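Bear in mind that the values here come from a model prediction, so they are computed numbers and not experimental data. So that the names make sense, note that chain A is the first sequence line, chain B the second, and so on, each numbered from 1.
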There are 2 protein chains.
Amino acid sequence: MEDEVDRLLEAWRRERPDLDVTPMEVLSRVSRLARHLDRARSQAFETHGLESWEFDVLAALRRAGSPYQLSPGKLLKETLVTSGTMTNRVDRLTARGLVERLPDPGDRRGVLVQLTDAGRDAVDAAMADLLTHERQLLAAISGRDQARIAHLLRELVRPFDLEKH
Amino acid sequence: MEDEVDRLLEAWRRERPDLDVTPMEVLSRVSRLARHLDRARSQAFETHGLESWEFDVLAALRRAGSPYQLSPGKLLKETLVTSGTMTNRVDRLTARGLVERLPDPGDRRGVLVQLTDAGRDAVDAAMADLLTHERQLLAAISGRDQARIAHLLRELVRPFDLEKH
DNA sequence: AGGATTTATCTTGACGTCGAGATACTTTAG
DNA sequence: CTAAAGTATCTCGACGTCAAGATAAATCCT
């Protein structure tokens, strides 16, 4: 059965028969699937009144474990955004009562961002919902194939993980 | 060998042992790989003085085949952006001399965006370079595995392709 | 200890995108 | 033939991000 990428590549092969476009069989599908996943994620979070970027921050704090505190610096490493963006995000999450800023007791330059009870409840509910939706998306392929694809994707991602010391 | 996603999931399993996070073994890696690919793409295009969004528009026109014309409406369906964004993109590409706007002979509401010779040269060179880089990224897995992963990704993307009429 | 460097966070301005609305033209229905 | 509905594109204001720079505090080195 055909998909959009098959049509895309058919057009390229017609227009540029000199090029070997097979790499796009994999990588265009990765990009497109990721775009669709973003939309699906946004929808799943809408139910819980969360934006994707809000979930990203709250989830990083939730994963850190009790007492759910991280510095803005750690948060921006986890979420791959810049410092200006993180300041802005923490501002807005604070305004919504989902996190609070505490002075870092050990470093007066520093700040700790901590999940509030409301923040923890929100991220826990959203996470459960997200996984339910993701499970449905993956139902298109068998559990064995899911394990295979996970393994191959790990190989493809590894070089990038290594880059950042 | 471990990757960032393994560490991520380990944290979630510690904090939320009640949740089955295996869907993220696949889908988190898809999202992360897509993010890395975006960066790699930007770098590949930098050599040719193109931004990613510029390539997206030029490539859609190039794929359409001679005379390399598409309406803004078709372009925004191809590139998945909104109409305001496409107007802005075409404005800037016109200013750079990579495309030009022509009146649609068959519909006086309409406009046709056409690749200039410079635009065609730019997109052809960038495309060749992009594929070279992508081939290197995929060298981490065998050709047989590339075909396998392409097939599985097609299965995962299909439901989304069907959505839009 | 004292000065230089590094680290942590915040501030600011530019940029690209979105989405709602405006405008102009075309198609359909009566 | 005209009015209403539909379609194609552009305009504009709000938003989130980035990147460079500013500020403040900690650490390193002699």
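- Between Arg109(A) and Arg89(A), the residue anchored nearer the 5' end of DNA chain D, judged by the nucleotide with its closest heavy atom, is Arg89(A).
- Between dA26(D) and Arg108(A), a contact under 4.0 Å exists linking OP1 or OP2 to a side-chain N or O.
- One interatomic measurement links the two molecules: CZ of Arg92(B) to P of dT11(D), which rounds to 14 Å at whole-angstrom precision.
- Neither OP1 nor OP2 of dT9(D) sits under 4.0 Å from any side-chain N or O of Arg101(B).
- Side-chain proximity of Thr82(A) to dC10(C), dA19(D), dA25(D): nearest is dA19(D).
- The CG atom of Asp38(B) sits 14 Å away from the C1' atom of dT17(D) (whole-angstrom rounding).
- Checked against dT26(C), dT9(D), dT17(D), the side chain of Val111(B) finds its nearest nucleotide in dT9(D).
- Rounded to a whole Å, the CG atom of Leu76(B) is 10 Å from the C1' atom of dT9(D).
- To the nearest angstrom, P of dC10(D) lies 12 Å from CG of Asp107(B).
- Within the nucleic acid shown, Asp104(A) has no heavy atom closer than 4.0 Å to any nucleic acid atom.
- Heavy atoms of Gly84(B) sit under 4.0 angstrom from at least one base atom.
- Heavy-atom nearest nucleotides on DNA chain D were determined for Val90(B) and for Glu51(A), and the one closer to the 5' end corresponds to Val90(B).
- Of the candidates Thr22(A), Leu19(A), Asp18(A), Thr22(A) is the only one forming a side-chain contact (heavy atoms from CB on, under 4.5 Å) with Arg13(A).
- Atom CE of Met86(A) and atom P of dG16(D) are 14 Å apart (whole Å).
- Rounded to a whole Å, the NZ atom of Lys74(B) is 9 Å from the P atom of dA8(D).
- Atom P of nucleotide dC15(D) and atom CG of Asn88(A) are separated by 11 Å, given to the nearest angstrom.
- The distance from atom CZ of Arg39(A) to atom C1' of dC18(C) is 14 Å, rounded to the nearest whole Å.
- Relative to the six-membered ring of Trp12(A), Arg62(B) misses at least one condition, a distance below 6.0 Å or an angle of at most 45° to the axis.
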